[in-house]
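As structure tokens, the structure follows; a few thoughts come after it.
Please read all numbers here as calculations on a predicted model, not as lab measurements.
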Number of protein chains: 2
Amino acid sequence: MIEDSIENNTHLPLLQFATPKVMAASEIYIPEGKIFKKIFYIKKGILRNFFVTKSGEEKTIFFRWEGQIVAIPECIFDNQPTRQTWQALEDCELMEIDFDLVEKLSENNISLIKTRLELAQKMLLEALKRVESFVLDKPEERYQKLIREKPEIIKRVADKHIASFIGVTPVSLSRIRKRLASQKK
Amino acid sequence: MIEDSIENNTHLPLLQFATPKVMAASEIYIPEGKIFKKIFYIKKGILRNFFVTKSGEEKTIFFRWEGQIVAIPECIFDNQPTRQTWQALEDCELMEIDFDLVEKLSENNISLIKTRLELAQKMLLEALKRVESFVLDKPEERYQKLIREKPEIIKRVADKHIASFIGVTPVSLSRIRKRLASQKK
DNA sequence: TAGTGAAATTATCTTTTGCTAATTTTTGTC
DNA sequence: GACAAAAATTAGCAAAAGATAATTTCACTA
């Protein structure tokens, strides 16, 4: 666990140090500018993180859902304030773990470090796949892949968030959907 | 070191187990389909990795240059054959290290695992920044950021490779360059 | 230095996206 | 179930990107 997220069960021993946290849908969990030195496990619900552009638009970068571990990389790795906002998209149940504690426990616990390494690697693979898709695929293909690979998740999330996730405007995603629907006929 | 790349000097002890490898510009280093279970340190030169699309186009995903450690994530993490090709863009000097050896040395060496974790984290930050830029910026802005942040590197690489790195065609990059040049006047 | 092949630019045309605003649909709440 | 607010769709137009091909520039080598 720890790096940023990704399903993984080998971290469960850490949960004994966790504090439960409940959030209602649409609540802001972590505001921009905070140095958030906790990691959290999502027991239930979906969250998104987004940037606010100069013109005030919210651009969603990631979704995280039940079973995943999340950390804010810039806070955890670099002790920097986050430039992103985290928001619950559904009622959520989280388990928070203080990251300084994780660091301390990792000090001489090789299996914990290995678990962290594994998670970092998984997250890296995920991020690289995403980069790949931006280079290789058109927005339309990215949307189709998303439908294919994460159907349950995208059903639970508003299209406008999906749109920025694949790098287009909501209007453009709507046109993509229309094109795809007409092609099927 | 180990996960995929990124400048880092704490790995240097591992270099005692490394084998030198020299390559001429344009040589293919790692062909698609290979399970490449080595990591390598770049002493000199630049390499790129690319995918070949169904229509035969080469799409460059990454550049790696002197001072960086590289590994093929799908080979190292998942023991899968790589879908990418690695090619030297300049005459290169590499130092190769067998990954099974790294695994063995890591077994009970907490500082080596920590080094691997650090590198994985750095690479993750890099990949996430890239994702961010695809979501937040237009191709033109990605190109400008690249010029700003990696001027020495992009001077050494052909524009057509830069183009796919930022997610556009070479023709489109050429138009972007023209637009930017005319705006400066 | 002349010649060759690759890379970059330009041109033309089509497709897609962005932007803005209007309209329709959906969602949530009283 | 009615109403209000948000989300999604649609429309119209401008800007940017893709595809293809022709032309110019650049780089390497004989």
Quiz item: Between B:Ile166 (CD1) and D:dA16 (P), how many Å, whole number?
Solution: 14 Å

Quiz prompt | Pair B:Arg48-B:Thr60, side-chain donor/acceptor within less than 3.5 Å | solution = yes

Quiz item: If you measure from the Lys or Arg side-chain nitrogens to the Asp or Glu carboxylate oxygens, is any gap between A:Glu66 and A:Lys44 under 4.0 Å?
Solution: no

Quiz item: Taking atom P of C:dG18 as reference, at what distance in whole Å does atom CD of B:Glu141 sit?
Solution: 12 Å

Exercise. May I have the distance from B:Asp137 (atom CG) to D:dA16 (atom P), rounded to whole angstrom?
Key: 15 Å

Quiz prompt | Over 12 foreign heavy atoms within 6.0 Å of NZ, B:Lys129 | solution = no

Quiz prompt | Gap between atoms CG and P, on B:Leu180 and D:dA17 respectively (whole Å) | solution = 10 Å

Quiz item: Rounded to whole angstroms, how far apart are NZ on A:Lys155 and P on C:dT27?
Solution: 15 Å

Self-check item: Atom-pair distance (CG on B:Asp91; C1' on D:dC28), nearest Å
Solution: 14 Å

Quiz prompt | Per-nucleotide protein contact string for nucleotides 4-16 of chain C (B base, S sugar-phosphate only, - none; heavy atom under 4.0 Å) | solution = ---SSBBBB----

Quiz item: Are A:Arg83 and A:Glu32 close enough for a salt bridge, meaning some N to O gap below 4.0 Å?
Solution: no

Exercise. Take atom CG of B:Leu136 and atom P of C:dG18, then tell me their distance rounded to the nearest Å.
Key: 13 Å

Self-check item: ring pair (Phe, Tyr, Trp, His ring centres under 6.0 Å), paired with A:Tyr29, selected from A:Trp86, A:Phe36, A:Phe50
Solution: A:Phe36

Quiz prompt | More than 12 heavy atoms from other groups under 6.0 Å of NZ on A:Lys37 | solution = yes

